[in-house]
Novice: 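My questions all concern the structure below.
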2 protein chains.
Amino acid sequence: MFKKVLLAEDMEDINKGVTTLLSELGIQEVQQVQYCDDAYLKIQKAILDEKPYELIITDLSFKKDYRSQKYPNGPDLIKKIKQEVPGLKIIVYTVEDRLQPVRNLFNIHGINGYVCKTRQGLKNLSLAIKEVFLGNQYLSPEVINALSSNSDLDIDNYDIELLNNLSKGMSQEEISALYKKNNISPASLSSIEKRLNKLRIDFNANNAIQLIAIVKDLGLI
Amino acid sequence: MFKKVLLAEDMEDINKGVTTLLSELGIQEVQQVQYCDDAYLKIQKAILDEKPYELIITDLSFKKDYRSQKYPNGPDLIKKIKQEVPGLKIIVYTVEDRLQPVRNLFNIHGINGYVCKTRQGLKNLSLAIKEVFLGNQYLSPEVINALSSNSDLDIDNYDIELLNNLSKGMSQEEISALYKKNNISPASLSSIEKRLNKLRIDFNANNAIQLIAIVKDLGLI
DNA sequence: CCTCACCTTACGGAAACCCGTAAGGCAGAA
DNA sequence: TTCTGCCTTACGGGTTTCCGTAAGGTGAGG
């Protein structure tokens, strides 16, 4: 089993529950932080001391408070860690159960496990730790479909960016002009219309308004 | 201090932390449930036994699972309780920190306290219990502005419904037709346009698309 | 080299949205 | 009653979106 684990989670009550679980699993050294920046510093320090962490368990959302943070929330921290210490295992433990964010965390950032905070959350977290220790991936049941390939319509970054610009109130013509200026292709009004048409079909939307409402609900933007 | 309190909260870890806090506050009888339906039943039973609860502490969101529920989440439960036992005090303890939902809970349903789950969540909850025991309202700092009158632009149910219909992909003409059929006033296309224009100004939106994006983010719809 | 498939762009017309102006209706105050 | 302010409705015209059709460009494979 893992010997040294770091837990990043801002809420004291949850923090306490998880720490107990980790001890019960036989993990000798369990440390915890309530801010992502602290997590990053501890990880770096541990490496310098040649006693690195073997596993990070982190929430995704951290409430903002008076302390300004370089890494305000989970994804920022995860990105940084996986860039600098790609071998370090990461399990996400969070309430977020929308599939697209889960997909991104696995496909882009390369996390090792994802557990939803639910009634069985702690139980699943314990399973996740065991699987990740064996070198496997783990997804809790609520999001098991996130990585099944058929479930993703091919939405790429261009699409996301397009939807983002739309939701910021830009007209399609303005977006076209912006893309031409920045050499983003395709940039013509016609292409943008066509792309949006495809998205409307993909998501069963009558018009751009409903499209934005839907992708907001899905958490795509 | 309160003698008999019921806690409705689906996650075991949090549940445990809060229960401990309540005991420390000197509350003799603390019971807890993980489903809203169970909460409702316990409340009814306690009244029949002539040992009613004096305070309910409840989360807002409860994860769905295999058990189908008559009251699937906090607001449903709160509405029912306040209808049947208006004098029973209710404190909401949740992560939700958007102002509009908070406003609704106080103004429509008449809850007595609202505490956000944050780093200081437990501390604030303890304050809330004391205040509510004294007959006062309590809002935790994150949402203290929810009830300050100046912060609400006068958005009424008509506006919310209008935005909802828009986000469902209806055209303004379709909405007009629907309202005429259902005798909802104003129903003319012109009035609907005018109302949306006002909303766009209120929310600083360039067009209907951005308007929907904004009100979705705010949690108005 | 040519062909074919695919992507980008262009264009035109219908529908929807945006915005200003103005007329009708209704309630309260003089 | 008349006046006034406010809300609802009507209408016109400019802009944007939606949806075809079609022309140019590019790249893979024959």
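The structure displayed is predicted, hence computed values, not measured ones. Here is the naming used below: chain letters follow the sequence lines, and residue numbers restart at 1 for every chain.
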Novice: Can you tell me how far P of C:dA15 sits from CG of B:L189, to the nearest Å?
Specialist: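 Answer to the nearest Å: 15 Å.
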Novice: Separation of B:L211 atom CG from D:dT16 atom C1', in whole Å?
Specialist: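 So the CG-C1' distance, B:L211 to D:dT16, works out to 17 Å.
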Novice: Mind calculating the distance between CD1 (A:I209) and C1' (D:dT16) to the nearest angstrom?
Specialist: 12 Å
Novice: Side-chain N or O of A:R200 versus OP1/OP2 of D:dC19: is the shortest distance under 4.0 Å?
Specialist: yes
Novice: Between A:N197 and D:dC18, does any side-chain N or O lie under 4.0 Å from OP1 or OP2?
Specialist: no
Novice: When the distance from NZ of A:K198 to P of D:dC19 is rounded to whole Å, what number comes out?
Specialist: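 Checked: the NZ to P distance equals 15 Å.
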Novice: Identify which nucleotide among C:dC18, C:dT8, D:dT8 has an atom closest to any side-chain atom of B:P186, counting heavy atoms from C-beta outward.
Specialist: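 Among the listed nucleotides, the one closest to the side chain of B:P186 is D:dT8.
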Novice: B:I192 CD1 to D:dT8 P: how many Å, rounded?
Specialist: 11 Å
Novice: Has A:Q172 got a side-chain N or O lying under 4.0 Å from the OP1 or OP2 atom of D:dC18?
Specialist: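 Answer is yes, contact under 4.0 Å.
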Novice: Below 4.0 angstrom, N of the basic side chain to O of the carboxylate: do A:K117 and A:D59 qualify?
Specialist: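 Yes, A:K117 and A:D59 are salt-bridged.
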Novice: In whole angstrom, give the distance that lies between atom CG of B:L196 and atom C1' of C:dA16.
Specialist: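 Value for this atom pair: 13 Å.
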Novice: So, is B:S190 close to the D:dT8 phosphate, meaning a side-chain N or O under 4.0 Å from OP1 or OP2?
Specialist: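 False: B:S190 side-chain N/O out of range (4.0 Å or more) of D:dT8 OP1/OP2.
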Novice: Measure the distance from CD on B:E173 to C1' on D:dT16 and round it to the nearest whole Å.
Specialist: 16 Å
Novice: What does B:E193 touch in the nucleic acid at a heavy-atom separation under 4.0 angstrom: a base, only the sugar-phosphate, or nothing?
Specialist: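 Contact class for B:E193: base.
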Novice: Of the nucleotides D:dT16, D:dA10, C:dC18, which has the atom closest to the A:S171 side chain?
Specialist: D:dT16
Novice: Using a heavy-atom cut-off of 4.0 Å across all strands, would you classify B:S191 as base, sugar-phosphate, or nothing?
Specialist: base
Novice: Please determine whether a side-chain nitrogen of the Lys or Arg among A:K63 and B:D97 lies less than 4.0 Å from a carboxylate oxygen of the Asp or Glu.
Specialist: yes
Novice: Would you say the ring centers of B:Y35 and B:Y40 fall short of 6.0 Å from each other?
Specialist: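 Ring-ring flag for B:Y35/B:Y40: false, centres at least 6.0 Å apart.
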Novice: If the threshold is 4.0 Å, N to carboxylate O, is there a salt bridge linking B:K198 and B:D202?
Specialist: yes
Novice: Step by step, work out the side chain to side chain donor-acceptor pair (under 3.5 Å) result for A:N165 and A:Y179.
Specialist: CA-CA 11 Å; A:N165 287 326; A:Y179 285 8; 3.0 Å; yes
Novice: May I have the distance from A:R195 (atom CZ) to D:dC18 (atom P), rounded to whole angstrom?
Specialist: 16 Å
Novice: Identify which nucleotide among C:dA22, C:dT8, D:dT17 has an atom closest to any side-chain atom of B:K194, counting heavy atoms from C-beta outward.
Specialist: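 Of the candidates, C:dA22 comes closest.
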Novice: Would you mind telling me which residue lines up with the more 5' stretch of DNA chain D, B:N207 or B:A187, judged by nearest nucleotide?
Specialist: B:A187
